[in-house]
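Notes for the one structure printed next.
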Amino acid sequence: MTNPASGMPSKRRGKAERFTLWLTERLPTAFDRGLRSLPNVQLLWLGVVVVVLSVPLIVTPLTIWQQTIVALLLILIGWGIVQVEQRYGDRHTSEYLHLFMVWFSLITTFRYLYYRVSYTLNLDGWLNGTFSLLLLAAELYAILTLVLAFFQTLKLKDRQSPDLTAIPEAEW
Amino acid sequence: MRRFSNRLRDRSRLPGQRLKPMTLGWLLLLCCSVFVSGGIPLLYGHSLHAQWSGTAVAQSTVKKQEDQVIRDFTLPAAPREAPVYRPAPPPAPEPEPVEAAPAPASTTTEPAPAATAPAAPAKAAATPSSTPTSSPSTSQYILEFNRSPIVGNRLRLQGIYAETQLPFTRPHAWSLKSAKALVRFQHSPALLANRSNLTVRVNGTSVGSTPLNRKQSQIGQLLVDIPPNLIQDTNSIAIVAQQNTDPKCSNPADPTLWTEVLPDSKLLFNYQPQPVPLDLSRFPYPFFDSLSLDASQLAYVRPTTVNEAWLTAAGRFQAAMGRLADFRPLETRFVKGVESLQWNDRLIILGTPAEQPLLKSLKLPFTVSGNQLVDGSKNALPDDVGVLMLAATPKGGNPVLVITGNGAEGVAKAAQFLVQPKNRRLGAGQAVLVDTLDDVPTPPARQWQRGLPDANAFKLSDLQGADQELLKDTTVRGSSAPPIEFNFRALPDDQFTRGSAMNLVYSYGPQVNPRTSAVEVLLDGVVIGGKRLTAEDGATKDSLNVNLPENLITPTSKLAIAFRLNSREAGQCGIVTDQQLWGTVHADDTRFKLKRNNAVQLPDLKLLQVGYPFTAPQDLSSTAIVVPDSPSETELLTMLAFSERLGRLSQADSVKLNVYTAGTLPDDVRKESNLVGVGTRDKFPLIEAFDSKQGFALGGLFSRLWNQQKIQTLPDKDGVIKAMMSPWNGNRTLLALSGQQASGLTTVKDVLNKDPWFFQIQKDTVLISANPQTTSAFDPAAYQLEFLQQESQRRLAKSNPLTTASSFLQDNWFLLPTGIVMVCLLLYGIAQLYIKRLEGVKK
């Protein structure tokens, strides 16, 4: 990845811009410096450790009104990031914001999935059990699709369609 | 003494802590043996183990036989006849005449002269009465209905056909000569005399009936003879009222269909007390009679010197008696000698002959020579041999239990023999020498026989019903079938989380009305789930999944399954044919799945209602009671009352409670045990309990301290129960039972003894003041309790890091979104660096 803020005009100093700069420039730079001595394998393991440490965030049950507030807060953060991306939508900024949103979405999805599997499956009798598992399978499929889509959009390719005018039609 | 201190050290460790080194040791041993033996096949290993264990058992058997030969004792030369205890009748009645039953009539009904105000239940229940009758050896016992808590001010019978039952027992030592029931009643003036009547049944047999024909609700009375052979050990008397206001068809919901049985109705028994041969095979009878109609009274003889060994033996014995008594009353007091015994006292003499000079004056199988118990050859018994003997007082009116030995170790063994059911069952005869006792292992801290199993998944058949028996498949019948109720007591340190569930498996019959019938699950009376019974032909092993609300499950919870069964055809004249309606709960198929953590907030006196933390583990081995160096009688009685209460609240194969004086409390026990200090303020053995700068404290010179405030009261007759975390160990509790004066400590003892007050205590401090005008301890206004909460509670948890973190996040839920953002930022930073490096490699 290249520096996303290199092409930005320096006069814009709004809060949103400062946040975008912090998120897409300063923070990555700090990580680059801090973790530069780690080889790739250790970097991967570090990621795994952080995922494991996030398990309490995924499995902790809250009361309904607490969960409502948490959900509203997370939606607000996601909406804010999308707004920022739309305003400063240059390609590199988008890539960084997108990467943050991927993790944000994955952690909240895991929290939902834990709740869904732990508390909402109805396995009373074969009929209830079958349809309950079918519905869960459908949701898992949707989550799998989501993760694949995240993977595909990790690196945005600005592909241009080739000009076919120079190529004879017989070679198409 | 060395053995005793070793035992103390063992006891002071928690079970989990004790297992860990052992488990590690075994693991190391296993690793070494696997390493050394290399290729030795497992099969050989098995046979090798068998050989080793066989040799060890043989050696142990030989050693035991040797020990037995060496320690045989000569029994007394001429075995005496078993002593006989002749229960004395209750003392002569007060001048107030007792209502005697008219002799000739088998069934008599007569209008009572006037409506007397019902006596206060507690007052009327206080004492039995005896009157001289035709035979001088026959006594009379009057059992008034108001002794039953369900009676209260009246027993109301409402509806066309109403029935109520009162259970009663017949004491073991009674030879019943005659029995009568005197039922006093009032009824609605609207009842039709020829279609309304009142019937008395005893154990299902009708013994008398009368028409309900009094005018203007006059009080009537029905006196019926009960054939003595109808009365068993446990009985029930049923009062049945058939009531009609219409010659053809009465409305069952008519409020004028009522009859009230007055609380001064009574049962009158004429009986002869039977002599009771004393035998240890019948223990605890006659020292505790589970069928007795009065509270059993234990009378201890105070020893010449009160030491740690005597205190521990007395505390353990009293705890065991509390366990045997369970919910039944037990009264305890000290007496100086045989002459101060009352008619219902059972004398307990505990201690060595040197501590109990009274032993010399009793006729005992093993005589006392000097200050030593001697065997048949006049040789003194060794100090570590316990001796249990039964005797009767010289006049034979009171039984005597002697728990003795020539040394403290012997006394402790003798007491332990009675405390441990496994040993107690072996006892027989008039005397028992206790030479060796097996040590009963301490159960795990979370193994409570009356609580939920420690495992998170279990069946209904693993739980106990109201009769303390394991539940089986149960069928109920009828349109007003009683709910199937059982204890669902959470362990006190259970903290339930969302997701606990019950899968109820049930069947029902084919005749129910599917439109209106249902099955319900109730937790402490609150409906937590239900389902319609929809199958017209009935159903077999249908299931219902019920979520168990985490906030409703408490250490005293009860779960009930109620079948609401309605017939398909409406009843005629309120009478519904409903015996074809049935529902069954399958105990082996109904399953529970709990989600819970092991965490508790202390100090909390509400948890003391189930004994926690002093009854964990249930053999009381984690608890030490401390009394002053020279305890007064009130302090000893309070110590015994607390021991008895712990016994009532626990179930185990042994009691390992320890009691110390202030000067003999070892440091390791002080640090490792839950402590209970007993004493008045000036002699309080653990004065640190009142040194706290927070909360309530008793100060010197009748002062009371509350945070920074200080007042002096004169006089201060209140008692104090205060719980706090132990100053010597933050994971242990210190309980103070105190008062500025002995009268204050007496109120504490009374609250510990009486269920209605004990099951009120809560928060961390209770101030108890006695009402000076109250004459009976059963009076609801006898004591006033005030509850304070000042000590900050501490959360004690035994859980894995994930559970701890999850609990922390639940307590500080606003950190959860912050945590999610932080984790996302971390993962984002790592991922962007990783992707950059991958890009760099590609380039």
Side-chain angles (χ1 to χ4, degrees), chain A residues 1-2 23-24 27-32 34-36 38-40 43-44 46-51 53-63 65-67 69-74 76-77 95-97 99-108 111 115 118-119 122-125 128 154-155, chain B residues 496-505 529 531 539 541-547 550-551 591 593 595 597 800-843:
Chain A
M1 284 190 181
T2 52
L23 189 61
T24 58
L27 189 69
T29 310
F31 270 94
D32 293 351
L35 304 178
R36 70 183 160 214
L38 288 185
N40 275 3
L43 204 60
L44 208 59
L46 186 63
V48 172
V49 168
V50 176
V51 169
L53 286 177
S54 68
V55 169
L57 301 169
I58 293 167
V59 302
T60 299
L62 296 179
T63 59
W65 67 269
Q66 289 170 348
Q67 181 59 43
I69 294 173
V70 170
L72 287 174
L73 267 175
L74 296 182
L76 199 68
I77 291 170
E95 274 184 5
Y96 275 77
L97 292 177
L99 184 60
F100 176 76
M101 285 295 285
V102 165
W103 284 114
F104 199 63
S105 169
L106 281 178
I107 296 290
T108 45
R111 188 169 161 78
Y115 158 78
S118 301
Y119 302 114
N122 182 0
L123 303 177
D124 294 348
N128 285 338
L154 269 183
K155 184 69 188 167
Chain B
F496 286 85
T497 55
R498 197 170 57 188
S500 298
M502 168 192 187
N503 187 253
L504 171 67
V505 178
K531 193 175 174 182
K541 297 205 170 176
D542 210 344
S543 72
L544 164 64
N545 203 25
V546 181
N547 181 48
E550 60 274 16
N551 297 329
R591 291 173 185 277
K593 197 173 177 184
K595 293 202 171 179
N597 302 324
N800 56 36
L802 176 62
T803 315
T804 310
S806 185
S807 300
F808 176 78
L809 284 173
Q810 277 182 305
D811 294 340
N812 306 281
W813 62 273
F814 49 87
L815 291 180
L816 195 124
T818 317
I820 289 177
V821 172
M822 295 301 292
V823 160
C824 291
L825 286 174
L826 279 172
L827 290 168
Y828 157 72
I830 294 167
Q832 62 85 27
L833 178 59
Y834 191 75
I835 292 169
K836 260 187 216 168
R837 286 186 184 179
L838 287 183
E839 272 189 337
V841 169
K842 278 185 188 173
K843 282 176 184 173

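We name chains A, B, ... by the order of the sequence lines, and we start the count at 1 in each one.
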Structural part of A/L35 lying under 4.5 Å from a heavy atom of chain B:
both
Got A/S118 and B/R498 here, is their nearest side-chain heavy-atom distance under 4.5 Å?
no
Heaviest contributor of heavy-atom pairs below 4.5 Å to chain B, chosen from A/M101, A/R111, A/Q67, is A/R111
Heavy-atom distance under 4.5 Å to chain B: side chain of A/Y119, backbone, both or neither?
side chain
Determine whether A/L38 and B/L833 make a side-chain contact, defined as any pair of heavy atoms from C-beta on separated by less than 4.5 Å.
no
Examine whether an atom of A/L74 lies under 4.5 Å from a heavy atom of chain B, and if so say whether it belongs to the side chain, the backbone or both; otherwise answer neither.
side chain
At a 4.5 Å cut-off on heavy atoms, which part of B/N503 comes close to chain A: side chain, backbone, both, or neither?
side chain
Chain B contact via A/I107 - which portion, at a heavy-atom distance below 4.5 Å:
side chain
Leading residue by heavy atom contact count with chain B [cutoff under 4.5 Å; candidates A/L62, A/L73, A/N122]
A/L62
Closest heavy-atom pair and its distance - B/I830, A/L43
CG2-O, 3.6 Å
For the residue pair B/L827 and A/G47, what are the closest heavy atoms and their distance?
CD2-O, 3.7 Å
Is any side-chain heavy atom of A/L27 closer than 4.5 Å to a side-chain heavy atom of B/Y828?
yes
Can you find a heavy atom in the side chain of B/V823 that is under 4.5 Å from one in the side chain of A/L57?
yes
Proximal component of A/I58, with respect to chain B [non-hydrogen, under 4.5 Å]:
neither
For a quick test of reading the model, state the closest non-hydrogen atom pair linking B/L809 to A/P56 and the distance between them.
CD1-O, 3.7 Å
Which portion of A/I77 sits near chain B, non-hydrogen atoms under 4.5 angstrom
side chain
Close side-chain approach of B/W813 to A/W65, heavy-atom, < 4.5 Å:
yes
Return the minimal non-hydrogen interatomic distance between A/F100 and B/L825, and the atom names on each side.
CE1-CD2, 3.3 Å
Check whether B/Q810 reaches the backbone of A/P61 with its side chain - one donor and one acceptor, N or O, closer than 3.5 Å.
yes
Looking only at heavy atoms, which two atoms of B/P817 and A/V70 are closest? And how far apart?
CD-CG2, 3.9 Å
Among A/D32, A/L23, A/V50, the residue with the most heavy-atom pairs under 4.5 Å to chain B is A/D32
Between B/I820 and A/F104, the two heavy atoms sitting closest are CG2-CE1, 4.3 Å
